[in-house]
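On a predicted model such as this, the values are computed, not experimentally measured, just so you know. The analysis underlying the following values was restricted to heavy atoms, covering all of them including side chains, and did not include hydrogens, waters or symmetry mates. Below, chain A is the first sequence line, B the second, and so on; all start at residue 1.
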Protein chains: 2
Amino acid sequence: MPTDAVFTALADPTRRTVLDTIAARAGITATELAADLPVTRQAVAKHLHVLAAAELVAGERAGRETHWRATPAPLNDAIAWMARVGSAWDDRLAALERSAHGPRRAP
Amino acid sequence: MPTDAVFTALADPTRRTVLDTIAARAGITATELAADLPVTRQAVAKHLHVLAAAELVAGERAGRETHWRATPAPLNDAIAWMARVGSAWDDRLAALERSAHGPRRAP
DNA sequence: ACAAAAGGCAACCAGATGGTTGCGGAAAGG
DNA sequence: CCTTTCCGCAACCATCTGGTTGCCTTTTGT
């Protein structure tokens with residue numbers, strides 16, 4: 001199940017910061033990311049691999065550097081799971097679920 | 001931040017199953033939960049403590065046994081975080097965020 | 001009164017995880 | 001050409017984590 005990888009990826013706070021930053025600054029590199037964080041570039045690289053395994057980010061190598069961008073799709077699965085569980089006792093979340101399963105943007 | 005605890009709690013698949021089951025069967029006990037899982041009761045008890053730390057479940061002792069129920073609120077924070085990050089590159093998720101921040105049910 | 005059943009606490013263990021340092025290779029730039 | 005810079009790979013380390021077993025307390029039921 002890919003949802004597994006998504007929740008695993010989101011569990012670490014540093015990884016969430018990385019994802020957050022990539023979402024805000026598409027095309028950023030691992031070195032640039034590490035500059036803003038209290039960890040080394042290699043640590044960031046590891047986090048990027050975990051996020052990539054969950055298909056939350058994708059990197060594209062351009063010559064010497066790799067540019068990372070966020071890919072939204074898997075977050076929907078996670079939101080849908082929470083909405084499904086939540087809907088068992090809170091039907092307001094059920095509305096969220098319907099929204100998450102709603103019309104997809106044309107690919 | 002309590003969101004931290006939520007993502008941590010949701011990271012483990014067994015714990016998600018536990019939460020799922022509690023959401024479906026309110027008032028269930030740890031022993032009953034363990035019967036349906038390939039782990040011991042103590043392992044389930046540990047998971048329940050993690051879920052309780054994230055305020056996703058609450059237990060009430062009734063004599064010899066403890067009945068567990070799910071508490072929805074913290075899931076909203078997690079969904080809101082994902083929607084916020086997602087909205088940076090996908091405005092369809094921004095609509096979800098508005099929904100999650102919308103009118104709260106009266107407490 | 002006493003055995004059975006539920007739960008809590010503690011110790012312990014193997015493996016995953018987040019982090020580091022060190023090195024080697026490939027592209028840029030002078 | 002040579003240095004710099006960016007990346008990837010590998011080894012290594014400490015800690016966290018999910019799980020177990022063992023024991024003790026409390027409640028229930030006969």
Side-chain angles (χ1 to χ4, degrees), chain A residues 1-22 25-70 74 78, chain B residues 1-22 25-70 74 78:
Chain A
M1 237 163 295
T3 311
D4 229 83
V6 174
F7 280 117
T8 300
L10 295 179
D12 184 74
T14 302
R15 212 144 47 211
R16 284 199 303 276
T17 303
V18 168
L19 179 58
D20 207 337
T21 308
I22 294 180
R25 299 173 54 190
I28 198 173
T29 68
T31 304
E32 288 170 332
L33 277 163
D36 288 350
L37 290 168
V39 295
T40 60
R41 174 186 60 86
Q42 286 85 346
V44 172
K46 280 194 185 181
H47 286 309
L48 286 170
H49 289 151
V50 175
L51 288 168
E55 296 181 41
L56 286 167
V57 301
E60 194 178 0
R61 186 117 193 207
R64 186 167 49 167
E65 45 197 30
T66 301
H67 299 280
W68 296 88
R69 60 190 168 81
Chain B
M1 240 163 289
T3 311
D4 228 84
V6 174
F7 280 118
T8 300
L10 295 179
D12 184 74
T14 303
R15 212 146 46 213
R16 284 199 302 275
T17 303
V18 167
L19 179 58
D20 207 337
T21 307
I22 295 181
R25 301 173 52 191
I28 199 172
T29 68
T31 304
E32 288 170 331
L33 278 164
D36 288 350
L37 290 167
V39 295
T40 59
R41 174 186 60 85
Q42 285 84 346
V44 172
K46 280 193 183 180
H47 285 309
L48 286 170
H49 288 152
V50 175
L51 288 167
E55 296 181 42
L56 286 167
V57 301
E60 194 178 0
R61 186 115 193 209
R64 183 166 52 168
E65 46 197 29
T66 301
H67 299 281
W68 296 88
R69 61 191 168 80

Open item on the list: To the closest 0.5 Å, what do you measure between CG (B/D36) and OG1 (B/T17)?
Closed with: 10.5 Å
TODO: Using heavy atoms to find the nearest nucleotide of DNA chain C for A/P38 and A/G63 separately, return the residue whose nucleotide is more 5′.
DONE: A/P38
Open item on the list: For the CD atom on A/E55, are there more than 12 heavy atoms of other groups (residues, nucleotides or ligands in this structure) within a distance under 6.0 Å?
Closed with: no
TODO: Please name the pair of heavy atoms, one in A/T3 and one in A/A78, separated by the smallest distance, quoted to 0.1 Å.
DONE: CG2-CA, 4.4 Å
Task: Nucleotide D/dC9, atom C1' - distance to CG of A/L48 in whole Å - done: 15 Å
- [ ] Output yes when at least one side-chain N/O atom of A/H47 is less than 4.0 Å from OP1 or OP2 of C/dG19, else no.
- [x] yes
Task: Any B/H49 side-chain nitrogen or oxygen under 4.0 Å from OP1 or OP2 of C/dC9 - done: no
Open item on the list: I'd like to know if A/Q42 reaches the base of C/dG18 with its side chain, counting only an N/O donor and acceptor under 3.5 Å.
Closed with: no
Task: Member of A/Q42, A/R15, A/R16 meeting the side chain to side chain contact (heavy atoms under 4.5 Å, CB included) criterion with A/H47 - done: A/R15
Open item on the list: Of the listed nucleotides (D/dT20, C/dT20, C/dG18), which one gets closest to any side-chain atom of B/A43?
Closed with: D/dT20
Output one line per pair: protein atom, nucleotide atom from nucleotides 4-6 of chain D, and distance, for all N/O pairs under 3.5 Å.
from	atom 1	to	atom 2	distance (Å)
D/dT5	O4'	A/R64	NH1	3.4
D/dT5	O2	A/R64	NH1	3.3

TODO: Take the protein atom CG of B/L33 and the nucleotide atom P of D/dG19, then report the distance between them rounded to whole Å.
DONE: 13 Å
Open item on the list: Tell me the closest heavy-atom pair linking B/L56 and B/L10, and the distance in Å.
Closed with: CD1-CD2, 4.2 Å
Open item on the list: Closest-nucleotide mapping onto DNA chain C: is A/V50 or B/E32 further toward the 5' terminus? I mean the 5' end.
Closed with: B/E32
Open item on the list: Measure CZ/B/R15 against C1'/D/dG19 and give the value in whole Å, please.
Closed with: 12 Å
Task: Whole-Å distance separating the CG atom of B/D12 from the P atom of D/dC16 - done: 17 Å
Open item on the list: A side-chain contact here means heavy atoms from C-beta on lying under 4.5 Å apart; do A/I22 and A/L48 qualify?
Closed with: yes
TODO: Round to the nearest Å and state the distance from B/F7 atom CZ to D/dC16 atom P.
DONE: 22 Å
Open item on the list: Is the phosphate of D/dG19 approached by B/T14 (side-chain N or O, under 4.0 Å from OP1 or OP2)?
Closed with: yes
Open item on the list: Does a side-chain N or O of B/T40 approach OP1 or OP2 of D/dT20 to a distance below 4.0 Å, or not?
Closed with: yes
Task: Closest heavy-atom pair and its distance - A/V6, A/P74 - done: CG2-CB, 3.6 Å
Task: A/E60 CD to C/dA27 C1', straight-line distance once rounded to whole Å - done: 17 Å
